[in-house]
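These numbers were taken from a predicted model, which means no experiment stands behind them. Lettering follows sequence order; numbering is per chain, from 1.
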Amino acid sequence: MLDHEYTTKKVFRENFFNDWRKEMTHEEMSLIKDLDKCNFGDIHAMHKAKVEARKNMTKEEKQVLKEANQKIVDEYGYCLLDHHKERIGNFKIEPPGLFRGRGEHPKQGMLKKRIQPEDVIINCSIESCVPVPPAGHHWKEVRHDNTVTWLASWTENIQGSIKYIMLNANSKLKGEKDWEKYEVARKLKTCVDDIRNQYLQDLKSKEMGTRQRAVALYFIDKLALRAGNEKEEGETADTVGCCSLRVEHITLHEQLEGNECVVEFDFLGKDSIRYYNKVPVIRKVFKNLKLFLENKQPGDDLFDRLTTSLLNKHLSSLMQGLSAKVFRTYNASITLQQQLKELTNKKLLSYNRANRAVAILCNHQRAPPKTFDQSMANLQAKIDGRKEQLALAKTELKQAKKEAKAKGSSEPKLLVERKKAAVKRCEEQLLKMEVQATDREENKQIALGTSKLNYLDPRISVAWCKNTEVPVEKIYNKSQRDKFAWAIDMTEADFEF
DNA sequence: TTTCACACTTAGCAGCTTATTG
DNA sequence: CAATAAGCTGCTAAGTGTGAAA
């Protein structure tokens, strides 16, 4: 932790020191007054040594550890729901530590406290045997609420929010919910044209609130923006979604790079991931935006007459179960389906391309891997090496041909065949590496996992596998197959989202 | 009408394990 | 066999959205 960048941040250090002092005895308090004068070198070295020792354990020692861990999972990692044994998603309580939010979080560095049994609420059925608290302790409460899915909960001390112990994604309960989510998105498909016509009409409304709603919906639909609930200032990092966009987050361009009516977005979204995009919009949207910006300061809300609950109330009146997030699911899944139809090269690479198109739409980014530049250079070196090898193989082939012609006997012909094969092999390997290089470069900052796990109706993927004879194992690993078992079981090749 | 409490999904990252490669 | 890359899992923060209370 000591060598991490955030220990140099002012906010982090102040919050930490503040909370640390609260834990001190009087004596310590009078002794330790300045964080800059504290030296954590020893404890840091000890920690590092521990990590090193772990790494250097023998195979047998590691095996023993693994088995001990498995035992814990066997004992605490499962529960019984409706007479079915189900895996629990997160059965371990979160350990204490220093809170590190994402981005410029005002609470970074604060002490996340240890949770005691006295903080924990247990939720189980009335006829089940209640788990026994650790010796000398008691639970905060034991309740029997079958209208919720959580098994245990506690309140965390940084934000005061509730944390839950819930089932694993491969459980029947979560699977059914997942299925329902995609069914709602499919229902949107049947009425999305009407809804689009509606909001295009609303762009001309006399009501300012209605116009703002229409423009917001246009963004949510076209750009897959998140709804953007309002957040309490100073409690979290300053991030926004659609409804919470501020004047400072967009720039209007009558003309830009050969396009008319371009909106330039630049803001931090969920997890403080930057959203940067230059989008040509229809004239009516552009004109409305100009109107919304009139007489406002950079820090003012773009949509001052709109909230997510107003927007969602409207949406649910248009279709049962419709809310802003459904558009993200719908647009992600429909994009995958379209892309898979367009990319006629029925290979895994096409699937990844389609997946990538969705990830870009949803702005799913990742930090480039730490070793990215190095490994890219390594790959390039390999490509160069292979190119040389290919050139050499080609000249050798020519030479062999020449000799074969001169001698005309069968022996050199055999040599020609062998050289030909070598050239071919070389070319194939080269091509493979080049494809790999492109793929890796294109994927540098893009995270595919999030859309695969949360936005893409798995039935689209399963059907594609059936049609292309790509084994489903190639696109879903074991835990993904478990999560999507419902889709793998029920999907035929002719499935349409 | 606004705020709050609550429950649930969505998100990226660290660190480990496994596969690949030379 | 060792080095490197790829794949995977666990973790927990950060969103969404509903319904009740103020």
Inset, instruction - Pick base, sugar-phosphate or nothing for A:R102, based on heavy-atom distances below 4.0 Å to the nucleic acid. - result: base
Legend entry - A:T149 vs B:dC8: side-chain N/O to OP1/OP2 distance below 4.0 Å: yes
Legend entry - A:M166 side chain, from C-beta outward: closest of C:dA13, B:dA7, B:dA11: B:dA7
Legend entry - Below 4.0 Å: OP1/OP2 of B:dG22 and any side-chain N or O of A:K382: yes
Inset, instruction - Identify whether any heavy atom of A:N229 sits under 4.0 Å from a base atom; if not, whether one sits that close to sugar-phosphate; answer base, sugar-phosphate or nothing. - result: base
Legend entry - Residue pairs passing the ring-ring contact (aromatic ring centres under 6.0 Å, His included) test where at least one lies in residues 422-445 of chain A, sequence neighbours excluded: none
Inset, instruction - Please state whether the phosphate of C:dT4, meaning OP1 or OP2, lies under 4.0 angstrom from any side-chain nitrogen or oxygen of A:N378. - result: no
Inset, instruction - To the nearest Å, give me how far apart NZ (A:K483) and P (C:dG10) are. - result: 14 Å
Inset, instruction - Scan A:T236 against the nucleic acid and name what it touches under 4.0 Å (heavy atoms): base, sugar-phosphate only, or nothing. - result: nothing
Inset, instruction - Mind checking A:A367 for me? I need base, sugar-phosphate or nothing, with any heavy atom below 4.0 Å counting as a touch. - result: sugar-phosphate
Legend entry - Out of C:dA5, C:dT12, B:dG12, whichever nucleotide has its closest atom nearest the side chain of A:R440: C:dA5
Inset, instruction - Mind checking A:S479 for me? I need base, sugar-phosphate or nothing, with any heavy atom below 4.0 Å counting as a touch. - result: sugar-phosphate
Inset, instruction - When you get a sec, tell me which of C:dT4, B:dC8, B:dT10 is the closest nucleotide to the side chain of A:N454? - result: B:dT10
Inset, instruction - Give one of base, sugar-phosphate or nothing for A:K313, where a contact means two heavy atoms less than 4.0 Å apart. - result: nothing
Inset, instruction - Please work out if A:G241 contacts a base, only the sugar-phosphate, or nothing of the nucleic acid, heavy-atom cut-off 4.0 Å. - result: nothing
Inset, instruction - Consider the side chain of A:N477, meaning its heavy atoms from C-beta on, and name the nucleotide among C:dT4, C:dT9, C:dA13 that approaches it most closely. - result: C:dT9
Inset, instruction - Determine the contact category for A:Q365: base if any of its heavy atoms lies under 4.0 Å from a base atom, sugar-phosphate if only primed atoms, P, OP1 or OP2 are that close, otherwise nothing. - result: sugar-phosphate
Inset, instruction - With heavy atoms under 4.0 Å as the rule, sort A:G269 into base, sugar-phosphate or nothing. - result: sugar-phosphate
Inset, instruction - Report yes if a side-chain nitrogen or oxygen of A:S375 is closer than 4.0 Å to either non-bridging phosphate oxygen (OP1 or OP2) of C:dT4; otherwise report no. - result: no
Legend entry - A:E232 vs A:S451, nearer the 5' end of DNA chain B by closest nucleotide: A:E232
Contacts table for residues 86-109 of chain A: side-chain donor-acceptor under 3.5 angstrom, sequence neighbours left out:
| unit_1 | atom_1 | unit_2 | atom_2 | d |
| --- | --- | --- | --- | --- |
| A:E86 | OE2 | A:K172 | N | 3.2 |
| A:N90 | OD1 | A:M166 | N | 3.2 |
| A:N90 | ND2 | A:Y164 | O | 2.9 |
| A:E94 | OE1 | A:K112 | NZ | 2.9 |
| A:E94 | OE1 | A:K163 | NZ | 3.2 |
| A:E94 | OE2 | A:K163 | NZ | 3.3 |
| A:R100 | NH1 | A:G103 | O | 3.2 |
| A:R102 | NH1 | A:D271 | OD1 | 2.7 |
| A:E104 | OE2 | A:K9 | NZ | 2.9 |
| A:H105 | NE2 | A:Q159 | NE2 | 3.1 |
| A:H105 | NE2 | A:E235 | O | 3.2 |
| A:K107 | NZ | A:I158 | O | 3.0 |
| A:K107 | NZ | A:E235 | OE1 | 2.9 |
| A:Q108 | OE1 | A:H105 | N | 3.4 |

Inset, instruction - Using heavy atoms to find the nearest nucleotide of DNA chain B for A:R226 and A:R386 separately, return the residue whose nucleotide is more 5′. - result: A:R226
Inset, instruction - From the options B:dC8, C:dG17, B:dA11, select the nucleotide whose nearest atom is closest to the side chain of A:T450. - result: B:dA11
Inset, instruction - Classify the angle between the aromatic ring planes of A:F484 and A:Y476 as parallel (below 30°), tilted (30 to 60°) or perpendicular (above 60°). - result: tilted
Inset, instruction - Give one of base, sugar-phosphate or nothing for A:S309, where a contact means two heavy atoms less than 4.0 Å apart. - result: nothing
Legend entry - A:K66 side chain, from C-beta outward: closest of B:dA11, C:dG17, B:dT18: B:dT18
Inset, instruction - Return no unless some side-chain N or O of A:R87 is found under 4.0 Å from OP1 or OP2 of C:dT9. - result: no
Inset, instruction - Please tell me which of the listed nucleotides, B:dC8, B:dA11, C:dT12, lies nearest to the side chain of A:W150? - result: B:dC8
Inset, instruction - Measure the distance from CG on A:L268 to C1' on C:dA14 and round it to the nearest whole Å. - result: 14 Å
Inset, instruction - Using only heavy-atom distances, decide whether a donor-acceptor pair under 3.5 angstrom links the side-chain of A:K270 to the base of B:dT10. - result: yes
Legend entry - Between B:dT9 (P) and A:K174 (NZ): distance, integer Å: 4 Å
Legend entry - Interatomic distance, A:H364 NE2 vs B:dC13 P [rounded to whole Å]: 12 Å
Legend entry - Selected nucleotide, minimal atom distance to A:V148 side chain, candidates B:dC8, B:dT10, C:dT12: B:dC8
Legend entry - Selection from B:dT10, C:dT12, C:dG15 that lies nearest to any side-chain heavy atom of A:K231: C:dG15
Inset, instruction - Kindly give the heavy-atom pair with the smallest separation between A:I220 and A:N331, and that separation in Å. - result: O-ND2, 4.4 Å
Legend entry - Under-4.0 Å salt bridge between A:K478 and A:D482: yes
Inset, instruction - Specify the separation, in whole Å, of atom NZ of A:K325 and atom C1' of C:dT16. - result: 7 Å
Inset, instruction - Give one of base, sugar-phosphate or nothing for A:K55, where a contact means two heavy atoms less than 4.0 Å apart. - result: nothing
Inset, instruction - Please state whether the rings of A:F12 and A:Y6 are parallel, tilted or perpendicular, taking 30° and 60° as the class boundaries. - result: tilted
Legend entry - Test item: side-chain donor near acceptor, A:S451 and A:N355, under 3.5 Å: yes
